[in-house]
Amino acid sequence: MSVLLTEFINLRPKLVRYLTARTGSEAEADEIVQETWLKLDDRQAQTQTGNIHNPAGYIFRTAENCLRDRLRMQKRQAKRDTDWSDANFGRLGEPGNSNALDPQRILISKQELEHAERALDELPERTSAIFRAFRLDGRKQQELASELQISLSAVEKHLQRAYAAIALARQNFDGENE
Amino acid sequence: MTDLNKDILDAATLWFVRLERDDASASAWEAFTDWLEENPEHGRHYDAAVLGDYVFDTPSSLDNDESTPELPEPANDNRPGWYAGFATAAAVLIAIFWLWPVSGGPQFQRFETAPGESRQIALGEGTMISLNGGTEILVDMAGERRAQLLAGEALFTIEHDARRPFIVELDDERLVDAGTVFNVVRDNGDYSVSVAEGKVILNPETDAAEIMPGEQLAGTIGKSEYQIIPFDPSAIGGWAIGQLSFNNAALSQVASELERSFGTTITVADKVRGLRFTGTLQIGNGERAALESLAGLSGVKANAVDDGWRLSP
């Protein structure tokens, strides 16, 4: 069996504990662990997973991403209005149109982005630059630290401030649009 | 929504940043778990950081890739290079949507799994097709609302769009759906459809048979007779999470499902082919455990043979 899948079996209890702490539900944690297993198994079959240096971290990250996908879908469902045009199918509380090409969704995404950008602009120049390099250009934290000749923890601090700012911005945006 | 606390948010975002690194160790994640367990507010603030971060994702319809989680290695591929300089980004966002092929014919792509293999296909946002072992399916990657199941088993989780129902074709039989969770099995000409949520309609123009949650329709392609029986909705698609649940199923059907999940061959003696089985088998513990469990629960004998197993009285 591959290193990745063996590691998964070892990590499983820790994954469950982690996901239970995140979701508050052991049942949901179990579901996510299963999804994670399927994704890892699938990845395993398709790509060279032999050169993963940190399989444990990779596995946690995969689980976290599964969880975030769910969180995102749940948030969307909670905000959606009931779609009255689905009278043909008559299901109560049917989620509305969530096609990614829906113009309304594009508009909301654009607005959310602008809102976040305004929050970033209020931060020191260096902080927002480091954030953009990391989040938009895909630069690694360690790389940025060496390039800017500052410590990794200094980079962490900048990013942390940026993320705090956009978390607040997102909450304000949601508050205004409820 | 209650306001966020600055101190907790600072701690949460620092965790977020630390765990965004490829080198985050299992002990870092464990320490994070400890922190989360201290106070439910910690998790809430971390979720707020996650939601803030989402804003910078590209919409998944722009990605060619399935929406599985980003690989931390080799490259962070959710951060595209073209996304440089925000001022133009929003405009680009809109431009690309209008350029996206919305009209034009379907473009079917074939997906296959070997027996014992499983695979997931993500379409758009929120629509997922899970394939069990030994499955062949054609999926329209242009319109993303049509599939043809040629063989095997697939679990469909369909994102609702009342204007564009999702259609699964089994040769000339059409299953029409507008946002539900349902499982389809095709064994040559025989097929079954089980609905967990929402509603699926078989051949709306002719049969117009409605399959509601908790129901399973069994039919034969090309024949107009079909049967609808009750089915536990929570067991639907159980194979995708390693659990096969059976309610009064013939042993031959149970053997088929096990063959799909494990990629092995299970021969069933004539005497016990029609034996009815009710119970749940776990896939996660491996082939032998599942067969032993089946033997224990059903009273048949399961013996390992050359290329698989044999079930006998």
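We name chains A, B, ... by the order of the sequence lines, and we start the count at 1 in each one.
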### Task
Give the member of B/L19, B/L36, B/D34, B/D10 that has the highest number of heavy-atom pairs under 4.5 Å with chain A.
B/D10
### Message
Ring-plane angle category for A/F131 and A/Y163, please: parallel below 30°, perpendicular beyond 60°, tilted otherwise.
### Response
perpendicular
### Message
Under a 4.5 Å cutoff for heavy-atom pairs, which residue among B/R21, B/H45, B/E30 has the most contacts with chain A?
### Response
B/R21
### Message
Between B/G43, B/A12, B/A26, who has the most heavy-atom pairs with chain A when the cutoff is under 4.5 Å?
### Response
B/A26
### Query
Is A/E122 salt-bridged to A/R118, going by a charged N under 4.0 Å from an acidic O?
no
### Part of A/L11 lying under 4.5 Å from any heavy atom of chain B
side chain
### Query
Any ring pair (Phe, Tyr, Trp, His ring centres under 6.0 Å) pairs touching residues 4-34 of chain A, not counting sequence neighbours?
A/F8-A/W37, A/Y18-A/F60, A/Y18-B/W29, A/Y18-B/F32
#### Entry: side-chain hydrogen bond (donor to acceptor under 3.5 Å, both in side chains) between B/E41 and B/N5, worked out
CA-CA 9 Å; B/E41 278 297 295; B/N5 170 295; over 6 Å; no
### Task
Please list, in residue-number order, every residue in residues 21-34 of chain A that has a heavy atom less than 4.5 Å from any heavy atom of chain B; write 'none' if there are none.
A/A21, A/R22, A/Q34
### Task
Tell me yes or no: between the side chains of B/E153 and B/T135, is some donor less than 3.5 Å from an acceptor?
no
### Query
Which word best sums up how the rings of B/W35 and B/W15 line up, parallel for under 30°, tilted for 30 to 60°, or perpendicular for over 60°?
tilted
### Message
Check this for me, if you would: do A/R61 and B/E20 make a salt bridge, where the nitrogen-to-carboxylate-oxygen distance has to be below 4.0 angstrom?
### Response
yes
#### Entry: chain B contact via A/L38 - which portion, at a heavy-atom distance below 4.5 Å
side chain
### Query
Between A/A169 and chain B, which part of the residue has a heavy atom less than 4.5 Å away: side chain, backbone, both or neither?
neither
## Note on the structure
Turns out that what part of A/Q142 lies under 4.5 Å from chain B's heavy atoms comes down to neither
### Trace of the salt bridge (charged side-chain N to carboxylate O under 4.0 Å, His left out) decision for A/D121 with A/R132
CA-CA 11 Å; A/D121 289 339; A/R132 287 195 178 98; 3.3 Å; yes
### Task
With a 4.5 angstrom heavy-atom cut-off, could you sort out which part of A/E156 is near chain B: side chain, backbone, both or neither?
both
### Task
Pick one of side chain, backbone, both or neither for B/A24, based on which atoms fall under 4.5 Å of a heavy atom in chain A.
backbone
### A/L67, part contacting chain B, at a heavy-atom distance under 4.5 Å
neither
### Task
State which residues pass ring-ring contact (aromatic ring centres under 6.0 Å, His included) with B/F111; sequence neighbours excluded, sorted by chain then number.
none
### Message
Taking A/K140 first and then B/D23, would you say they form a salt bridge - that is, a charged N and a carboxylate O separated by under 4.0 Å?
### Response
no
### Summary
Taken in chain and number order and not counting sequence neighbours, the residues that satisfy salt bridge (Lys or Arg N to Asp or Glu O under 4.0 Å) with B/R146 are B/E169
### Message
Less than 4.5 Å to any heavy atom of chain A: does that hold for the side chain of B/S118, its backbone, both, or neither?
### Response
both
